[in-house]
Amino acid sequence: MPELPEVETMRRALAAVLAQGSRQIVAVRHGTVGLRRPFPRRMSSQLRGRTITSLSRHGKYLLWHCEGLQLVNHLGMTGTWRVVTDGSTRIHDHVALVLADGRHLVYHDPRRFGLVDLCPTGNGHPLLAGLGPDAMDQAACTTTHLVAACRGRRVPIKVLLLDQRVIAGIGNIYANEACFMAGIDPRRAAGRIAPARLARLREAITTVLAAAITAGGTTISDYRNALGDQGWFQHDLQVYGRQAEPCRICARPLDHTTLGGRVTVWCRHCQR
DNA sequence: CCTAAGTCCTGAGTGC
DNA sequence: TGCACTCAGGACTTAG
């Protein structure tokens with residue numbers, strides 16, 4: 001569930017769940033294995049009795065606001081939340097927030113690249129402090145910001161888009177898609193792209209992320225968001241996962257390579 | 001055997 | 001030579 005549209009889809013689904021029943025946490029259960037880092041000390045006693053007042057998101061981070069305390073949550077590569085009403089558990093369940101009405105919100109994450117941590121409201125969590133503006137925050141994530149971030153940089157533009165310190169929320173799927181939509185070669189050095197073209201890229205980021213949110217995100221293989229439905233944006237992908245298939249604009253076969261350790265797909269003819 | 005929606009760390013390289 | 005910064009590659013983990 002990892003990039004911005006998938007996290008936003010999850011956020012909305014969880015908000016809907018919380019709106020139709022109790023939002024008070026009466027217990028927290030968690031395993032001993034931990035995720036990317038160990039679970040915070042006394043997580044259960046710190047959260048017990050608190051009400052989840054709202055859920056927000058910055059980049060790929062989901063923030064659970066709990067009356068003075070913030071539950072900071074990253075879904076890693078395979079993290080999901082689901083609602084459990086009968087107390088049943090599955091392998092790779094790691095955290096359960098037990099609500100006053102008996103429902104359990106269960107965090108499930110086979111690869112354990114996700115993260116659950118606590119910090120006081122107001123005090124920004126150290127992990128959030130280094131993040132750039134959220135990719136969907138039009139007021140903060142401007143062309144001016146992108147142009148400044150690209151200046152002097154020799155990294156491929158697609159690698160720069162993946163840097164959460166520059167812009168928060170873009171992952172491998174949407175970095176590929178945004179470069180295609182903007183007609184920019186993903187290998188091109190960030191510092192060697194004209195501002196007018198970066199403006200197009202900025203616009204493409206908004207467009208592709210907004211479309212993906214509307215579609216409920218992208219679902220890879222048979223992955224399912226157990227809270228709601230699967231996403232449908234995989235049917236709208238133009239390049240990601242389509243290497244050697246025909247470009248949807250010019251019909252030439254799509255190229256692929258590795259940039260920043262991630263598969264990169266683009267059209268040699270349509271993207272310069 | 002290979003690959004995968006992410007992030008963090010290390011070490012090499014670059015420029016001042 | 002030193003320092004700060006940049007960038008590439010690997011590690012982490014499980015499932016298919």
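So that the names make sense, note that chain A is the first sequence line, chain B the second, and so on, each numbered from 1. Scope of the values below: all heavy atoms of this structure, side chains included, with no hydrogens, waters or symmetry mates. These figures come from a predicted structure and were not determined experimentally.
Of the side-chain N and O atoms in A/His92, none sit less than 4.0 angstrom from OP1 or OP2 of C/dT13. A/Arg112 has a side-chain polar atom (N or O) that falls below the 4.0 Å cut-off from OP1 or OP2 of C/dT14.
Rounded to whole Å, atom P of B/dA5 lies 15 Å from atom CG of A/Leu161. Note: CG (A/Leu128) to P (B/dG6) measures 17 Å, nearest angstrom. We find that CG of A/Leu209 is positioned 13 Å from C1' of B/dA5, with the value rounded to whole Å. In this entry the distance linking CG of A/Asn172 with C1' of B/dT3 reads 12 Å, nearest Å. Rounded to a whole Å, the CE atom of A/Met77 is 6 Å from the P atom of B/dA5. Atom CD1 of A/Ile220 and atom C1' of C/dA15 are 14 Å apart (whole Å). Rounding to whole angstrom units, NE2 of residue A/His108 and C1' of C/dT13 are separated by 13 Å. A straight line from CG of A/Leu35 to C1' of B/dG6 spans 13 Å, rounded to a whole angstrom.
Residues A/Ile205 and A/Leu161 meet the side-chain proximity criterion, which asks for heavy atoms closer than 4.5 Å.
Grouping the Ile, Leu, Val, Met, Phe, Trp and Tyr side chains by contacts below 4.5 angstrom, directly or via other members, places A/Leu115 apart from A/Val106. The hydrophobic clustering, which links ILVMFWY residues whose side-chain heavy atoms are closer than 4.5 Å, places A/Met136 and A/Leu201 together. Connection of A/Val95 to A/Ile52 is established within a shared hydrophobic cluster, with ILVMFWY side chains joined at heavy-atom distances below 4.5 Å, either directly or through further cluster members. A single hydrophobic cluster is seen to contain both A/Leu198 and A/Val155, as judged by linkage of ILVMFWY side chains at heavy-atom distances under 4.5 Å, directly or through other members.
Within 4.0 Å of A/Tyr240, counting heavy atoms only, lie sugar-phosphate atoms of the nucleic acid but no base atom. Using a 4.0 Å heavy-atom distance criterion, A/Gly261 is classed as making no nucleic acid contact.
Under the 30°/60° scheme for interplanar angles, the aromatic rings of A/Tyr107 and A/His94 are found to be tilted. Using the six-membered ring where Trp is involved, A/His74 and A/Tyr61 have ring planes that are perpendicular, over 60° apart on the 30 and 60° scheme.
Within the 3.5 Å criterion, the main-chain N or O of A/Glu67 finds a donor-acceptor partner in the side chain of A/Arg50. Put simply, the side chain of A/Gln238 never gets that close to the backbone of A/Phe180: no donor and acceptor are under 3.5 Å apart.
For DNA chain B, none of the residues of residues 178-185 of chain A falls under the heavy-atom distance limit of 4.0 Å. Sorted by residue number, the members of residues 152-160 of chain A with any non-hydrogen atom under 4.0 Å from DNA chain C read A/Arg153, A/Arg154, A/Val155.
The residues A/Glu8 and A/Arg57 are annotated as salt-bridged, a charged nitrogen and a carboxylate oxygen being separated by less than 4.0 angstrom. Salt bridge annotation for A/Arg268-A/Asp255: present, with a cationic side-chain nitrogen under 4.0 angstrom from a carboxylate oxygen.
Side-chain atoms of A/Ser44 and A/His30 include no donor-acceptor pair closer than 3.5 Å.
Contact of A/Arg111 with B/dA4 (side chain to base): a donor-acceptor pair of N or O atoms is detected under 3.5 Å.
Under the side chain to side chain donor-acceptor pair (under 3.5 Å) criterion, A/Lys158 pairs with A/Asn172, A/Thr264, not counting sequence neighbours.
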Between side-chain atoms of residues 207-216 of chain A and protein atoms elsewhere (two or more places apart, or another chain), which donor-acceptor pairs fall under 3.5 Å?
{"unit_1": "A/Thr207", "atom_1": "OG1", "unit_2": "A/Glu203", "atom_2": "O", "d": "2.9"}
{"unit_1": "A/Thr214", "atom_1": "OG1", "unit_2": "A/Ala210", "atom_2": "O", "d": "3.0"}

Check nucleotides 7-10 of chain B against the protein and report each pair of N or O atoms closer than 3.5 Å, with its distance, or say if there are none.
{"unit_1": "B/dT7", "atom_1": "OP1", "unit_2": "A/His74", "atom_2": "NE2", "d": "2.8"}
{"unit_1": "B/dT7", "atom_1": "OP2", "unit_2": "A/Lys60", "atom_2": "NZ", "d": "3.0"}

Strand DNA chain C in bracket notation, Watson-Crick/G-U under 3.5 Å with | for pairs to another chain: .|||||||||||.|||
